[in-house]
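Notes to accompany the following structure.
Throughout, a chain's letter reflects where its sequence line sits, starting with A, and its residues are numbered from 1.
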Amino acid sequence: MTNTPTRRGGTALWLASGWLGLLGLLALGVGLLPLPAPDAPVGGPNLPPFASFPEILGTDGIGRSVLSRLIHGARISLTVSIGATLLAAVLGGLLGVLAAYLRGFAESVIGVVLDAILAFPPLLLLLALAAVVRPGVGTLVASLGLLFVPPFARLAKAAALARLNREYVVAAEALGAGHGRLLFRELMPGCVPPVASYAVVMAALMIMVEGALSFLGVGIPPPAPSWGAMIAAGKDFLAMSPQLVLVPCAAMFLTVLSFNTVGEHLRARVDPGAGDAR
Amino acid sequence: MIFLSAACSAGTQPQGDTPATGSGSAATVVLGVEAVRGLDPAHLFNLTPSGDANRLSAIFGVLFWSDTSTGKVNPGIGESLTADDDGVEWTMKLREGVTFTDGTPLDAEAVKFNYERIADPDTKSPLAPLLEGVTFEAVGPRTLVIKLKEANHAFDRVIATNLTHIGSPTAIKKDAAAFAQNPVGAGPFTLQDWVRDDHMTLARNPGYFEQGKPLLDTLTFKVIADPAQRINAVASGQAQAAVPGSDLSFMARAEGSGLKAAKAPAGGGPMLIFNTAKPPFDDLRARQAVVLALDTKELAQVVDPGSTPPDSLYGTSSPFHPGTGVMPEQDTARAQELLDELAAAGEPLKFTISMPASGFFRRTSEYLQSRLSTLKNLQVEIEVLDNASLDRQVFTNRDFALSAQIVPVADPEPNLYKLLHSGGQTNYMGYRNPDVDAALDMGRGSSDEGARREAYAEVERLVVADLPVLPIRQQVAYTVHSDKLSGLTLHGDGCLLYDRLGLAGS
Amino acid sequence: MTAGALAAPRVRLGRSARRAAHLLAVLLLVTLAAAALVDLMPGSPSAAILGPTATPEQLAAMDAEYGFDRPFPVRYLDWVGGLLTGDLGRSVQSGQPVLGTILERLPVTLEIALLAVGISLLVAVPLGVYSGARVGGPLDRVVTAGASALMSIPVFVAGVVLIYLLALTTGWFPVSGWAPLSAGLAENLRFAFLPAVALAVGETPTLLRLLRGDVVATLREDFVRTAATRGLPRRYILFRHVLRPSALPLVTMAAVVFGRLLAGSVVVESLFALPGLGGLALQSIPAKDIPVIQGLVVLVAITYVVVNMLVDLGYTVLDPRTRAR
């Protein structure tokens, strides 16, 4: 919604990209780092930060390395967030373009399904799902991904509708291009940039939703170190060891902020008059 | 075991000066769980002090009550409860002239009606097994004779903990469903206003059997789900007392912020339970390996900062406490040997810990997983279950390997019997040892202290050898309160007696 | 989430009929999905209620009493039948009518959602107008950066921090709990304030950015330029000529936010221990209280549908710019 592409936001953009890049590298290369396993005991519980050398962030309530859990947590938070966003973007993008292209009954059916997903209380769905299937990275990616299909579908539909009447599409149709060609060669490519830039913003939202679920105790099950789970566990010791909450909170905040910053920059560039799909 | 009707204050907290009944004195007590099933004593389900049971004594009063720390049974509306020499026939005497708030008498017939209703399968009372095969006869307006199926010299403890609240038969007969929502008892207070999941307001019962009591005019129960917030409510003056739950760290935190705590240390407590009826823990070596691998001091410290592990099944102040610690010491080398032995036999130990979602048990499971992960030939996973799933999977279907439950043991009767006897209600471990059964039966069938002590020492010896359970933290029931509130007396598993609560400076 | 903007209006009457059919289909699908989902959840509500000591006979008796033993389609149709006559059934846990239970909890959630929207507007309107009027200025840069930062704070983090700062440390507000309006407006607001602010933290940027964007666009239009050349004071122009056309999208978005908060206050309600709908959901799901869960789903779905209808109406009937698109 930023109508002014901020050139001045250069530093912020670089910082944001840098943080995301660093996080991505850490998450990918976590196995190569000389870190203790995220579930291995490294000392007594609730050791303060900077008390001993390798454990510069101290230990959590169980006596596990906060640094190791934070980095392993980045891997899980990013996997859930990016995985779910990709799923939602691909499914939503396809549905949206199909709805725009097919019109008629198919459009109505797609519309009903999308609205039904939107009308379903999201946390209720996720809480109930957590009771049905054993929660884990896979199930979380699938359920969050499905839940966030509608906004992508709407965006893609709008983008596809705008392109349907353009000359090159009309020309292609007149030249006898088949459905597949029209869909995949003419319509889809035009929808990719807005959907992709929106996806970056959605990835930020996904990180927050995963955190909320873990906070309510229905996210990734222990001992996996997701950031949300770390915050929920640390909340019990807020008065005693506030860093157990503050460190993952800060990591989450910075990551969400970075995703938002990058995403909005991309959106402003892709579509200066970007709609209000959010 | 004869009680005199003289007022007795064998409470866990010295009573101090009794404050005068201040006009308009009102206190708020914060609990953790709403009485979702209503307030029908026949459906008394949750004995933990943060749940249902802690409201019922305000409305129904208590026939008898057991001291949370020692298990000693004291009189309330009931005057005395005595057994014959065999422990089969019990005689309950009631006080004269006690009436329910609807004016009808609380007599032997009323108690009989309540108990027969609990035993009736149509009532679907969770308490029904306690009265299976028991018959009642009102031999006078104030005298009820209770005939048991088998000798039980500790039946007074069963009455005092589970069968102590009596409702008005008239109100129950009229409409049992309405009674659960608008109960009629003979307790110190009557229900005035109930906003579900928020608060319940009770007003003083001017016709309470004990003169001058209750001391408060208004009593309010508030429900706050988060334990830390319950303490905060007292600290900020919104409430005068709170039951934060079983975590002792909350008690320390409350005391740190200037609040008082009424405590009752007992035996038992939170314990790991091994499913001894199924692989892998049907093998004693597997249970030993897990227990020996643990540093129970650190475990207690981690799951509940500031606490210590129990050194016996019985509390330190209990007459049954052996004097020296009997729990196994950590021996990692031996644990690894046992694990290697199991692996060499082709069955390396691999199991899932099934735990409730509360912070305490979550930390317990994460600690176990974390520490056990340092041993070889051992693979541990965690499964966090909501309460309904836990009930179904662990307690009903017994489809688990390692789980946990909280069993406070004031006197070995009735809780230890229920836990360890092969037919015990809370023996979810499927533990069967004829010698343990015999010793438990001996303890139950005897009124002689020496014989009981011997029997329960034998029980403990066998349990430490067999390891069906491992207590992991000392048990202390407690209620956090402001220094203005006085007269906090804990009964049962740690519930309050409300008739003696008073507020200073009001 | 502005659904209306994307719908292509054709013939008006046919459109409303189609719209109604669409909404009905949405409601059916949502309730069917909810019923199926709850049906898939392991364990029966009876087991959750009677506890581990229940005998199989007791469980069977209770299943029969509440009809949990009947096949799924029969139960769903029966429930829809009840819904049509306004009967949502009884809570398995408490035995109270579901409709009454929900209505008892609704005011709490409604109030904090309304307050949150109010607080958001109170902050977003002046800041949005001023920063939109001075794009690139120091205030604009602070506001834009601040909005991005606020958007990146998860609601549970905001709640914990607010409790720590404004309740625990200063003692200005109660840590948790609720006072109904009957306890007096001041007392009620004292309890409602922190939860409402926690909710508003995440929603304010949405409204602020929308308004700022609108203001920027409107300021470029001719009639505003004309007004400026006529020498009218800038403040007058801003609020008279610029804010007015932005009011509709703003109100629409506020309605969307409100709908979202009604369905999404679970985290805040659990954190502040409020007796609202979110708390009800949190305790009904683990207890498998099917009638209550279904009732909540229907309520949220209907809210969503109604909000979207209003949004649609707003855009297609009143806003000339949407029609032009």
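Expressed to the nearest 0.5 Å, how far OG1 of B:Thr364 lies from CD1 of A:Ile62 amounts to 8.0 Å.
Within a 6.0 Å radius of NZ in B:Lys278, more than 12 heavy atoms belonging to other residues, nucleotides or ligands are found.
Two residues are said to be in side-chain contact when any heavy atoms from C-beta on lie closer than 4.5 Å; A:Pro223 and B:Ile382 meet this criterion.
Contact count versus chain A (heavy atoms, under 4.5 Å) is highest, among B:Ser249, B:Ser365, B:Pro305, for B:Pro305.
Summarising the geometry of A:Asp39 relative to B:Ser370, their closest heavy-atom pair is O-OG, 2.9 Å, with the distance given to 0.1 Å.
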